[in-house]
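A short worksheet on the structure shown next.
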Amino acid sequence: MFGDNIFELDDSITENKDVLNQSDKLLKGLNKEQKEAVTTTNGPLLVLSGAGTGKTKVLTTRLAYILSLGLARPWECLTVTFTNKASKEMYERVTNYIGAEVESVWLGTFHRICTKILRKHSHLINLDSNFTIIDDDDQKRLIKKILEERGIDTSKNPPIAVLGRIQRYKDKGLNPEHVINENHHSHISIPALYMEYQKRLLELNAVDFGDLILHVLNILKKNKDVLEFYQNRFKYIMVDEYQDTNVSQYLLLRLLSQKHKNICCVGDDDQSIYSWRGAEVGNILRFEKEYDNSKTIRLERNYRSTQNILSAASSLIQNNSNRLGKDLIVADNSEAQKSENEKVNVLTVYNDIEEASKIITEIQNLRLKSAPYSSMAILVRTAAQTRKFEEEFISHNIPYKVIGGLKFYERAEIRDALAYIRLLVLSSDNLAFERIINKPTRGFGKATLQNIYQYANQNRMSFYNALKEMSKLNMFKGKAKSQAAMFVELYEELKIALKDDNIEHYEIISHLLEDSGYIKMWENEKTPDAKGRIENLNELTGVIRENFENIYGFLEHVSLVMDNDSNDNGETVSIITLHGAKGLEFDNVFLPGWEEGLFPHSKTLDEGGLEALEEERRLAYVGITRAKKKLWILSSSTRFLYGQYQNNNPSRFISEISPEFLNIKNNNSHSNSSYNYNEYQEEPNYYNKSYNNNDSWGNNFFANKKVKEKAVSSNSTWSINQRVFHQKFGYGRIVTISGEKLEISFEKAGLKKIMANFIEAA
DNA sequence: TGCAGAGGACTTTTT
DNA sequence: GTCCTCTGCA
């Protein structure tokens with residue numbers, strides 16, 4: 001990973017000559033505003049830009065420009081992005097531009113950068129530098145425990161709600177002592193719970209995601225020398241997706257940029273769709289007031305979409321009152337300008353089945369015109385909508401992938417495995433202990449566990465150590481007695497192995513999961529998805545083996561960086577939520593489910609009122625502006641949702657778009673429509689030639705894995721000794737074939753059993 | 001202790 | 001329709 005040795009750098013390192021004097025080359029191909037944004041290197045700069053105006057390009061070119069002029073050395077530039085994907089992309093671009101090593105540049109997500117800083121200075125807040133980063137599941141359990149201990153009824157005060165309140169305080173940069181109890185008529189005190197929660201986290205030597213930023217903020221505020229160090233170091237600060245920053249991130253940026261004041265923020269207030277998790281559009285509005293002599297540049301030339309699509313989006317977003325306002329125009333000579341300027345299609349259909357069919361028909365038409373599947377995307381409001389499309393895609397043999405939903409590392413079995421590993425690395429990780437001690441069942445029921453917790457508290461030790469001691473003192477009965485001894489023995493043995501350099505770390509993990517009986521537990525399970533879970537666990541050990549030198553590195557990666565977009569390049573139609581689609585673009589975009597209640601979502605309107613409606617509208621805006629060439633908006637009068645049929649009116653957003661940009665067709669089969677059913681009932685077979693018809697995608701693993709890759713293997717028959725390729729394991733040859741399961745001898749990873757869907761012919 | 005069955009909720013989601 | 005949590009009984 002890039003930037004890993006940032007702290008070790010000192011100023012004596014010589015500059016890379018390759019980097020210098022390339023500035024002219026860099027500015028080529030930029031328009032006037034972009035050029036201005038790149039070359040304005042003095043003082044605070046706010047770049048307000050619409051969708052598709054080349055934000056990332058500006059930010060990365062700017063970084064490269066600064067480096068090329070020698071205004072700063074790489075490690076004096078800080079660039080913050082929101083997703084790992086974005087930072088990866090930027091990193092590649094900068095490397096490309098300046099053709100030199102940029103390893104030492106500070107480029108990454110807020111969380112990743114803050115983790116680095118926090119590990120360096122954690123002792124200042126009595127936190128060990130090996131702290132673990134806990135996930136929302138652990139957070140929830142911790143809160144629940146606190147509530148229960150205080151005798152608070154968790155059915156009336158759900159842990160998730162309490163956690164949400166605490167999280168919002170963290171988003172605002174507020175410590176427990178700064179929070180006043182707003183809720184006077186309630187007997188629960190959020191500040192007190194917040195205080196207790198923080199205390200517990202500290203005891204666990206753990207931090208949550210909010211803490212990563214909040215702790216750093218606290219350290220910088222209380223330690224002048226540390227603050228000065230970073231203020232001096234960061235001569236240039238750049239922020240992407242500024243509209244998504246929350247207050248604590250804003251405060252952090254403000255602190256860090258105070259000395260040099262060379263901060264450049266890029267954002268689009270019309271694309272702020274994360275206020276529900278603490279993002280503050282206000283940060284954009286505040287920018288000019290906060291920084292004296294700040295300059296604002298607007299990028300309004302769009303390189304992505306056709307004029308009709310842009311105009312439709314503009315006319316919709318104009319219904320929002322809280323916006324800075326900018327109008328997008330198609331950039332001259334852009335591909336978008338050269339494309340046929342088709343109107344936005346609006347279709348009303350009878351039900352969700354027809355909706356899916358209609359989209360399938362269009363997809364097939366596009367395919368006939370040789371548009372690749374990867375140029376098409378269906379953007380939905382809620383994850384629940386994806387199912388219908390999946391069913392239809394499967395029955396029509398169209399390869400697709402669902403992006404979003406549960407990520408690999410969020411799956412229960414992966415989290416369990418991680419808890420096993422965490423407990424091995426840190427025996428005081430009580431949360432991990434609680435999660436796995438009775439998984440599989442080891443005879444530790446409520447009563448026995450209570451005894452362990454009590455013993456631990458009385459003797460001021462971790463749960464694990466309590467178990468160890470109680471086992472030694474023969475304090476368990478029945479099944480728990482033998483199981484406790486075995487559990488402790490396994491862990492003690494592996495802890496020693498962990499220190500042995502001759503033993504590979506992934507072997508330790510395999511051991512742990514096997515001998516603890518965790519894998520056996522799934523093997524014994526008769527449910528259809530158990531098999532998939534075991535595959536996932538194998539995948540996990542594979543990932544560790546392939547990518548990590550040690551377990552510690554893996555644990556940090558898993559909580560901060562791990563994403564599974566590795567299989568992103570397939571020839572597949574994408575099904576994504578509107579939130580997930582931000583930053584992406586497709587030639588052909590379908591926006592189904594534009595109905596009142598679903599979009600805008602009724603829940604949103606109930607809770608958030610007008611402001612929430614505006615956010616939904618921004619979401620619609622994001623959806624429309626993802627399209628480069630063709631766009632379809634669909635609304636269905638009936639929809640099967642939550643187990644019943646619901647009748648909905650078309651979304652108000654449709655009527656808010658100026659009709660001159662729309663091509664409205666009423667395909668509702670119950671009205672008198674001119675719609676020709678045969679148009680889509682006739683099934684063309686042109687795509688069957690290249691894809692096989694076996695139902696291999698129906699297997700459990702895919703049914704189970706939420707990021708699904710249903711691309712059909714182009715090879716239906718495998719042969720012994722055939723050379724094949726696997727995403728994680730690389731090249732190998734087939735040793736045995738039994739149905740869908742292949743045994744493959746990989747050149748690097750050795751012998752593995754793999755589902756046929758995972759491999760491709762080499 | 002562990003399982004079966006009832007009852008309730010069901011927006012979006014990065015790190 | 002489905003998933004998760006809680007309760008109560010064997």
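A, B, ... follow the sequence lines: proteins, then strands. Residue 1 opens every chain. Atom set for the values below is all heavy atoms of this structure, side chains included, hydrogens, waters and symmetry mates excluded.
You'll find that the side chain of His579(A) is closest to dT13(B), out of dT13(B), dT15(B), dG2(B). Here dT12(B) is the nucleotide among dC10(B), dT15(B), dT12(B) with the atom lying nearest to any side-chain atom of Thr577(A). Closest to the side chain of Trp276(A), from the set dT15(B), dT12(B), dT11(B), is dT12(B). When the nucleotides dT11(B), dT13(B), dG2(B) are ranked by their closest atom to the side chain of Asn438(A), dG2(B) comes out on top. With dT12(B), dC10(B), dT15(B) as the choices, the nucleotide that has an atom nearest any side-chain atom of Thr109(A) turns out to be dT15(B).
For Asn84(A) and dT14(B), the shortest distance from a side-chain N or O to OP1 or OP2 is not below 4.0 Å. For dC10(B), one of the phosphate oxygens OP1 or OP2 lies less than 4.0 angstrom from a side-chain nitrogen or oxygen of Lys603(A). The side chain of Thr604(A) places no N or O atom within less than 4.0 Å of a non-bridging phosphate oxygen (OP1 or OP2) of dT11(B).
Two residues, Gly443(A) and Leu578(A), neighbour DNA chain B, and the one matched to the more 5' nucleotide by heavy-atom proximity is Gly443(A). In terms of position along DNA chain B, the nucleotide closest to Thr382(A) lies nearer the 5' end than the nucleotide closest to the other residue of the pair Thr382(A) and Phe82(A).
Here Thr382(A) pairs with Ala384(A), Gln385(A), Leu598(A), His601(A) under the side chain to side chain contact (heavy atoms under 4.5 Å, CB included) rule; sequence neighbours left out.
Separating the CD1 atom of Ile160(A) from the P atom of dC10(B) is a distance of 11 Å, rounded to the nearest angstrom. Arg618(A) places its CZ atom 13 Å from the C1' atom of dT12(B), with the value rounded to the nearest Å. Atom C1' of nucleotide dT12(B) and atom CD of Glu614(A) are separated by 18 Å, given to the nearest angstrom. When rounded to the nearest whole Å, the span between CD1 of Ile273(A) and C1' of dT12(B) equals 8 Å. If you take CD of Glu596(A) and P of dT11(B), they are 17 Å apart, rounded to a whole angstrom. In this structure, CG of Leu619(A) is placed 10 Å from P of dT13(B), rounded to the nearest angstrom. Rounding to whole angstrom units, CD of residue Glu615(A) and C1' of dT12(B) are separated by 9 Å. Computed from coordinates, the Ile437(A) CD1 to dG2(B) P distance equals 12 Å when rounded to whole Å.
Arg442(A) forms no cation-pi arrangement with Phe444(A), by the criterion of a distance under 6.0 Å to the ring centre and an angle within 45° of the ring axis.
A salt bridge does not link Arg387(A) with Glu390(A): none of the charged nitrogens is closer than 4.0 Å to a carboxylate oxygen. Electrostatic pairing of Asp244(A) and Lys582(A) counts as a salt bridge here, judged by a charged N lying under 4.0 Å from a carboxylate O. With respect to Glu355(A) and Lys388(A), no salt bridge is recorded, no charged nitrogen being found less than 4.0 Å from a carboxylate O. With respect to the salt-bridge test (charged N to carboxylate O, under 4.0 angstrom), the residues Asp270(A) and Arg323(A) qualify.
A donor-acceptor contact under 3.5 angstrom links the side-chain atoms of Arg381(A) to the base of dT11(B).
Contact of the Leu584(A) side chain with the Lys85(A) side chain is registered, since non-hydrogen atoms from C-beta on lie closer than 4.5 Å.
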Output one line per pair: protein atom, nucleotide atom from nucleotides 1-10 of chain C, and distance, for all N/O pairs under 3.5 Å.
residue: dG1(C); atom: O6; partner: Tyr642(A); partner atom: O; Å: 3.3

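Remark: the Tyr621(A) side chain and the Asn320(A) side chain contain no N/O donor-acceptor pair separated by less than 3.5 Å.
At a threshold of 4.0 angstrom between heavy atoms, the contacts of Thr441(A) are confined to the sugar-phosphate backbone, with no base atom among them.
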